[in-house]
Amino acid sequence: MSRWVIGAAWPYTNAVPHLGTLIGSVLSADVVARFLRMKGEEVIFVSGSDEHGTPIEVEARKRGVDPKVLTDKMHELVAELFRKWNISFDNYTRTENPLHKEFVREIFTKIYRNGYIFTKEIEVLFCEKCGIYLPDRFVEGKCPFCGYEFAKGDQCENCGRLLDPVQLVEPHCVFCGSKPVVRKVKHWFIDLPKLEPEIRKYIESNDRLPENAKNMSLSILREGLRPRCVTRDNKWGIPAPFPGAEDKTIYVWFDAVLGYISATIEYFKKLGKEEEWKKFWLNPDTKVVFFIGKDNIPFHTIILPALLIASGEKFVLPWTVASTEYLLFEGRKFSKSKRVGIWIDEALELLPADYWRFALLYMRPETRDMSFSWELLQEIVNTQLNDVIGNFIHRVLTFVKKNFNGEIPRVEKLYPEDVRFQELIVKVVDEVDNLLMNMRIRDALLKVIELAREGNRFLNERAPWTKIKTSREEAASIMFVAIHAVKALAIMLAPFIPTFANEIWRQLGYSDDVTSRRWDEAKKPVTAGQKLGEVRPVFKKISNHELEELKKRLQKIRAEGKVPSARI
RNA sequence: GCCGGGGUAGCCUAGCCUGGUAGGGCGCCGGACUCAUAAUCCGGAGGGCGUGGGUUCAAAUCCCACCCCCGGCACCA
């Protein structure tokens, strides 16, 4: 048995997450966490709200509320949504929690004492009217190259030229429109070049990193690491613990990424086991896995390891970083400002969570960007989930119901063809196991579907409806194994679609929760004589008409502001 | 501009690192079956693997050049 820390990227609380962020982080992590628990591993699954930084401050200012008020609300909202999505966090916390703040200050104090922090003066733009320092893209002006009126401080969206905010003609603050001034300020930097050899060693020797994470990390290392500024002039954040930096806060990225550890500490503290977290994070055998989108890679493969190494404590470094590519929406990037995509609160208003879970996991952009489309959603739900899996389960269960009085038949000995199928079941269970251990979630799901497909083929070839007329014994042998396949499906689907899996479990006649069962039980047949529960179709299709209705309903929800993401 | 990643049948996609007759899913056509939510299963058609060179007995896979798409380029999270 191993110890695992499963971490999902911390959603930034300036908005409700959309489906793209969900599949990349929280949902993928949930599948693996659930799977590992069923494997009997010791698992801590953590995440939380990432609530510091300028965008939050700005958003709060826009609404005229304190940032804390805003994030309190958002945190509750998002946490509740994840519950509805059946995400099995052990601890979903937040960066505003005192334990986290204290932990971050403690780590940075250690990093400072170990000589990895130095100061430097830099020039930044300051809006005197708003009283805040403006990140590049919060400055707008006329592009000096093409004359475009709304060029951002970092890049002109019209001609694509990269800009320095000071190059802008008539620069102005995006919030109040006034002209920002250039200020020289002192900031605290982490000396990444000094840490580079150790980071390089870590990346190069980690052969579990997915290709995208490894390539991006190596390419960043190839260019050479530069010192990075770890302080900000925001008020909203964790006060920097460095002498002389009393009015600064820690840059949100360096704060949030430490949350995986503080969340673990908090989890055990609540259980009254204050020291237990060390058995995870200070143990070289612990497997720490992060689930993130590709935009997050450097922070998890380089920044976080850098902080952990620089702290001088013997923290275990990530075992792997399961980084996905992007989920696109109808071929375009999800965009909050352009309102492209579907948000996780909206989705739940359209279909039960497990349909989304299944479809999203099926579309998981494991090796390249994947495009969500309504038609694809329909195809996955109708063909894969309903027709292939659902129909297989249903035809098996109804056949047993009708012909064997709803009881798992007793079998003296299995026919050779049936033994062969039974061996296949066991083989698939192991293959799915192996894929999930390697974070190949989409491939694992495809493999599960394949078992249902094989099940359908098996039934067609063995035709128990014909056999039962001549040999009840042979039909029993067939169905005994077919039922075994249904059981295996219920168990293997549990990490993916826990609610539906449980429904299948119940129909098989079990009264407990399938997620409390062990994974390897999928290899064992159902006990003869067990009485089936009530049998009815578990899934249903989305008709063309219904699909159109879903799209309309989404528009309506937005128009009426029924759902939080419609208002935020 | 620089650095990544992609370009595979009508659509989605695997394979590319570790070269050897291009796999799967959807859709389409034909058939089988009728236990099952008209579901399932089998067979078939359909591909110059972005373009042009090169290496090799052999390239989607390796090398070079070019074209298109997407992302990053560090104070944006």
Side-chain angles (χ1 to χ4, degrees), chain A residues 9-15 21 50 52-56 122 124-125 133-138 152-155 160-162 187 189 192 211-212 214-220 222-223 225-234 251-254 256 294-299 303 325-326 328 331-333 362-363 365-371 373 375-376 378-380 382-384 386-388 390-403 442-443 446 449-450 452-468 475 478-479 482 535-541:
Chain A
W10 290 42
Y12 198 60
T13 40
N14 66 339
T21 55
D50 176 5
H52 298 136
T54 309
I56 299 282
I122 54 171
V124 290
L125 287 170
Y133 287 88
L134 299 170
D136 288 357
R137 64 170 201 172
F138 289 155
K152 301 265 199 262
D154 53 351
Q155 184 169 27
R161 290 292 295 259
L162 293 175
H187 273 289
F189 287 73
L192 292 180
E211 218 169 313
N212 60 356
K214 189 135 189 174
N215 287 343
M216 185 181 284
S217 307
L218 287 174
S219 106
I220 290 168
R222 216 176 298 126
E223 287 172 31
L225 296 182
R226 288 181 233 172
R228 286 198 64 151
C229 182
V230 298
T231 49
R232 286 298 123 103
D233 284 302
N234 302 352
Y251 177 31
V252 56
W253 258 113
F254 292 82
K294 63 177 163 186
D295 52 334
N296 243 327
I297 290 170
F299 293 96
I303 300 290
E325 296 290 307
Y326 283 142
L328 305 178
R332 303 164 67 195
K333 255 191 106 170
Y362 189 99
M363 304 177 194
E366 229 146 81
T367 53
R368 66 160 121 173
D369 291 354
M370 188 81 78
S371 188
S373 71
E375 290 65 33
L376 182 57
Q378 187 186 26
E379 180 208 312
I380 293 169
N382 290 4
T383 312
Q384 311 297 344
N386 186 82
D387 293 349
V388 176
N391 185 238
F392 171 67
I393 292 168
H394 193 242
R395 66 197 293 212
V396 170
L397 296 182
T398 49
F399 192 89
V400 172
K401 204 81 175 171
K402 282 180 193 162
N403 298 287
R442 175 180 145 85
D443 289 343
L446 295 182
I449 297 170
E450 201 180 300
R453 213 170 248 125
E454 290 290 348
N456 280 317
R457 179 176 304 149
F458 170 73
L459 284 187
N460 282 19
E461 278 168 8
R462 297 287 284 134
W465 46 90
T466 307
K467 293 278 162 36
I468 195 145
I478 296 164
M479 295 320 291
V535 172
R536 55 162 184 263
V538 181
F539 316 110
K540 64 181 215 289
K541 293 204 202 195

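In what follows, chains carry the letters A, B, and so on, assigned in the order in which the sequence lines appear, proteins first and then strands, with residues in each chain numbered from 1.
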Sugar-phosphate, base or nothing in reach of A/Ile122, heavy atoms under 4.0 Å: base
Any-strand Watson-Crick or G-U partner of B/A38, both distances under 3.5 Å: none
From B/G7, B/C26, B/A74, nucleotide with atom closest to A/Gln384 side chain: B/C26
For atom OH of A/Tyr326 and atom P of B/G4, their distance in whole Å: 18 Å
Nearest-angstrom distance from the residue atom CG of A/Asp50 to P of B/C76: 15 Å
Separation between the C1' atoms of B/A65 and B/C57, rounded to whole Å: 26 Å
Separation between the P atoms of B/G31 and B/G53, rounded to whole Å: 45 Å
Residue pair A/Ile56 / A/Asn14: nearest heavy atoms and the distance that separates them: CD1-N, 3.5 Å
Side-chain donor or acceptor of A/Glu325 paired with backbone N/O of A/Thr367 under 3.5 Å: no
Watson-Crick or G-U counterpart of B/A9, or none if no pair lies under 3.5 Å: none
Option passing side chain to side chain contact (heavy atoms under 4.5 Å, CB included) with A/Pro464 (candidates A/Val396, A/Asn403, A/Ile478): A/Ile478
Side-chain N,O (A/Arg368) to OP1/OP2 (B/G7) below 4.0 Å: yes
Sub-4.5 Å side-chain heavy-atom contact between A/Val252 and A/Tyr12: yes
B/U13 versus B/G19 - spacing of their C1' atoms, nearest Å: 22 Å
Verdict with reasoning, A/Asn212 to A/Arg368, per side-chain hydrogen bond (donor to acceptor under 3.5 Å, both in side chains): CA-CA 9 Å; A/Asn212 60 356; A/Arg368 66 160 121 173; over 6 Å; no
Assigned partner base of B/C76, Watson-Crick or wobble definition, under 3.5 Å: none
Sugar-phosphate only, base, or nothing, as touched by A/Tyr251 at under 4.0 Å among non-hydrogen atoms: base
Partner nucleotide of B/A65 by Watson-Crick or wobble geometry (both distances under 3.5 Å): B/U51
Test: A/Arg453 cationic atom under 6.0 Å from A/Phe392 six-membered ring centre, within 45° of axis: no
Rounded interatomic separation in angstrom, taking CD from A/Glu366 and P from B/U13: 14 Å
Protein-nucleotide distance (A/Asp295, atom CG; B/C73, atom C1'), rounded to Å: 15 Å
B/C29 and B/C67, which share atom name P, separated by this distance in whole Å: 42 Å
Partner nucleotide of B/U21 by Watson-Crick or wobble geometry (both distances under 3.5 Å): none
Sugar-phosphate only, base, or nothing, as touched by A/Tyr362 at under 4.0 Å among non-hydrogen atoms: sugar-phosphate
Parallel, tilted or perpendicular: ring planes of A/Trp465 versus A/Phe399, cut at 30 and 60 degrees: perpendicular
Integer-rounded Å distance: B/C12 P and A/Asp369 CG: 13 Å
Interatomic distance, A/Thr231 atom OG1 to A/Ile122 atom CD1 [nearest 0.5 angstrom]: 7.5 Å
Point-to-point distance, once rounded to the nearest 0.5 Å, from CG of A/Asn456 to CD of A/Glu461: 11.0 Å
5' precedence on RNA chain B between A/Arg442 and A/Glu325 (nearest-nucleotide basis): A/Glu325
B/G25 and B/C64, which share atom name P, separated by this distance in whole Å: 36 Å
Whole angstrom value for the distance that separates P of B/G6 from CE of A/Met216: 12 Å
Touch class at under 4.0 angstrom, heavy-atom based, for A/Met370 against every strand present: sugar-phosphate
Sugar-phosphate or base contact per nucleotide [nucleotides 27-40 of chain B; S, B, -; heavy atom under 4.0 Å]: ------SSBBB-SB
Gap between atoms NZ and C1', on A/Lys294 and B/A77 respectively (whole Å): 16 Å
Atom-to-atom span, CZ of A/Phe299 to P of B/A77 - whole angstrom: 9 Å
B/A59 and B/A22, which share atom name P, separated by this distance in whole Å: 12 Å
Rounded C1' spacing from B/G46 to B/C62 in Å: 30 Å
Pairwise P distance, B/U61 and B/G52 [rounded to whole Å]: 13 Å
A/Glu379 side-chain proximity, nearest of B/G25, B/C75, B/G72: B/G25
